[in-house]
Amino acid sequence: MTTRAPKGEQGFVLLAVLGLTGVIGAIILALSLSTRDDYREMKLHLDLVKARLHADNALVRGIAALGDPADPLHGVLLQPGGAYVFRLNEVDVELRVEHESGKIDLNRADPAFILSALRRLAPDAAMAEAMHARVMTLRAQNLFIGDIGAMLSVAQTFEPIAGRIERVFTVATGARGVAAHLASREAMAAIPGILPEELELLVLGRARAGANLSPVLTKYQAHLSSARPIYTLRAKVADKSLPPQKRKAVIALAQVPIRRHTDIAVLAWRGE
C-alpha cells in the first residue's frame, strides 16, 4: 500500500529538486565557460609561440644570407632598406634590414650633428633639447650609451618618437659619422650646415652624381664614415592566422663569409 506525501511536503521536495538542478546547471555552465576561456588562452599562447618562432626563424635566415656572399638573398638584403618576405610553413614573415652605419652614433658623433637630427625628429624644440642634454650628460661622465632609449623619458618610450629616433640613431658603430650611401635622407639632412643642393648630391650617390660629389664628401668628411658590417634585422609575422609578432636582432660581423661562431656578435635579440 502506498501513501502520498502531504502537498506541503511535495512542494518542498519539488523546490529542492529544482534548486539542485539549478546548482548543477550553474556548475556545468561555469565549467563550460572556464573550459572555453582556458582553450582560448591556450590557443593564444600557442599562436604567440608559433609567431615568435616564425619571426626568429626569419631573423636566422636573414643573418645567414648577410654572412654568405654566395647566398641568393645576400645582395637583396644588403641594399639600403633591403627587405624580403619569407614563406615559412605557409606563414608570411616580412624581414627588413637596416645598416647601422647609416645612423648617427650617440657615443661618437659630433654633438651638433646629434642635436640637428633631434630637432628634425622631435615635435618641439624643448623635447629635442632635453633628449640632447641626456646624451651629453652621459658622455660627460664617460659612460657608454648602450641603448638609444637612454635619451628618452619613461613616457617617451611609449610614444612614436621612440620609433623615429631608432631609425636615425645607433650606439653600435663607434663611428663619428654616417656612411653616406647607407644613410637615410633624414640622417644626411641633419649634417650641420649642409646645403639643399649638397644634400641632393649625397642622395644621388657617387654612381649618379659622379665627380660633383667629391667636393661635398671632402667638405663634410668630419660627419661621414666608411661602412661597417653592423645590421639591425626586423621580422614581422604578416599572416592573419597568427598574432602580428615583431622581433629584432642587432648583429656585427667580424668577417664575411662567416666561418666560425666568433665571426658574428649578437648585440641584441628581442621583441619590439
Side-chain angles (χ1 to χ4, degrees), residues 51-69 71 73-86 93-109 113-114 117-118 121 131 135 144-152 156-188 190 224-238 244-256 258 263-272:
R52 177 173 176 171
L53 287 174
H54 279 86
D56 282 347
N57 284 338
L59 293 176
V60 171
R61 179 66 184 88
I63 292 171
L66 290 172
D68 183 6
D71 193 296
L73 292 180
H74 182 79
V76 175
L77 295 180
L78 274 183
Q79 293 296 319
Y84 192 80
V85 177
F86 291 99
V93 183
E94 299 174 358
L95 180 70
R96 304 192 68 85
V97 176
E98 299 172 7
H99 292 260
E100 293 297 291
S101 289
K103 302 178 184 181
I104 305 166
D105 193 290
L106 294 180
N107 290 293
R108 293 279 294 157
F113 194 4
I114 296 173
L118 286 173
L121 294 171
M131 289 191 291
V135 173
F144 177 78
I145 303 172
D147 193 312
I148 297 166
M151 71 163 67
L152 301 173
Q156 288 167 349
T157 59
F158 301 99
E159 297 174 357
I161 185 64
R164 292 200 294 269
I165 68 166
E166 192 173 4
R167 298 306 194 274
V168 175
F169 292 101
T170 185
V171 296
T173 64
R176 287 189 56 83
V178 299
H181 66 293
L182 298 175
S184 66
R185 186 187 189 94
E186 204 167 25
M188 290 189 293
L224 301 174
S225 297
S226 59
R228 305 180 184 193
I230 306 173
Y231 312 97
T232 291
L233 296 89
R234 301 180 190 275
K236 176 185 176 181
V237 175
Q245 183 78 269
K246 295 180 181 180
R247 302 279 288 169
K248 84 168 185 178
V250 183
I251 65 165
L253 302 181
Q255 72 169 20
V256 176
I258 298 172
D263 293 338
I264 179 172
V266 177
L267 308 179
W269 195 303
R270 60 176 182 267
E272 290 195 276

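In this text the structure is predicted, and so the values were computed from the model without any measurement. Heads up: numbering here begins at 1 and tracks the sequence.
- In this structure, D68 has no side chain to side chain donor-acceptor pair (under 3.5 Å) partners at least two apart in sequence or on a different chain.
- With sequence neighbours left out, Y84 forms a ring pair (Phe, Tyr, Trp, His ring centres under 6.0 Å) with F86.
- Side-chain atoms of D263 do not come within 3.5 Å of backbone N or O of A254 as any donor-acceptor pair.
- For T232, the side chain to side chain donor-acceptor pair (under 3.5 Å) partners two or more places apart in sequence, or in a different chain, are E100.
- When all heavy atoms of A162 and L152 are compared, the closest pair comes out as CB-CD1, 3.8 Å.
- No donor-acceptor pair under 3.5 Å is formed between the side chain of S101 and the backbone N or O of A227.
- In this view, A183 and V178, A187, M188 satisfy the side chain to side chain contact (heavy atoms under 4.5 Å, CB included) rule, not counting sequence neighbours.
- Heavy atoms only, all atoms of each residue included: V171 and G146 are closest at CG2-O, 3.5 Å.
- Listed by chain and number, the residues in a side chain to side chain donor-acceptor pair (under 3.5 Å) with E186 amount to none (sequence neighbours excluded).
- In this structure, K103 NZ and I165 CD1 are separated by 10.5 Å, a value rounded to the nearest 0.5 Å.
- Between atom NE2 of residue H181 and atom OG of residue S226 there is a gap of 9.0 Å, rounded to the nearest 0.5 Å.
- Across every non-hydrogen atom of L106 and I148, the tightest pair is CD1-CA, 4.1 Å.
- Taking CG from L66 and CD1 from I251, the interatomic distance works out to 5.5 Å, rounded to the nearest 0.5 Å.
- Scanning for side chain to side chain donor-acceptor pair (under 3.5 Å) contacts around D105 gives T173, with sequence neighbours left out.
- Taking every heavy atom of both residues into account, L267 and A172 meet most closely at CD1-CB, 4.0 Å.
- Applying the ring pair (Phe, Tyr, Trp, His ring centres under 6.0 Å) rule to H54 yields no partners; only residues at least two apart in sequence or on another chain are considered.
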List the atom pairs, donor and acceptor, that lie under 3.5 Å between side-chain atoms in residues 75-82 and the rest of the protein, sequence neighbours left out.
none

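- For the atom pair CG (N107) and CD1 (I145), the distance works out to 4.5 Å, reported to the nearest 0.5 Å.
- By the salt bridge (Lys or Arg N to Asp or Glu O under 4.0 Å) test, R52 is found to be paired with D56, residues two or more places apart in sequence or in another chain being considered.
- Between the H74 side chain and the A65 main chain, a donor and an acceptor come within less than 3.5 Å of each other.
- F169 is linked by a ring pair (Phe, Tyr, Trp, His ring centres under 6.0 Å) to nothing, counting only residues two or more places apart in sequence or in another chain.
- In terms of heavy atoms, A235 sits closest to V93 at CB-CG1, 4.1 Å.
- Contacts classified as salt bridge (charged side-chain N to carboxylate O under 4.0 Å, His left out) and involving residues 161-182 (residues at least two apart or in different chains) are given here: E98-R167, E166-R234, E166-K248.
- Of the inter-residue distances, the one linking L95 atom CG with I63 atom CD1 reads 9.0 Å to the nearest 0.5 angstrom.
- Scored by the side chain to side chain contact (heavy atoms under 4.5 Å, CB included) test, A83 finds R96 as partners (sequence neighbours excluded).
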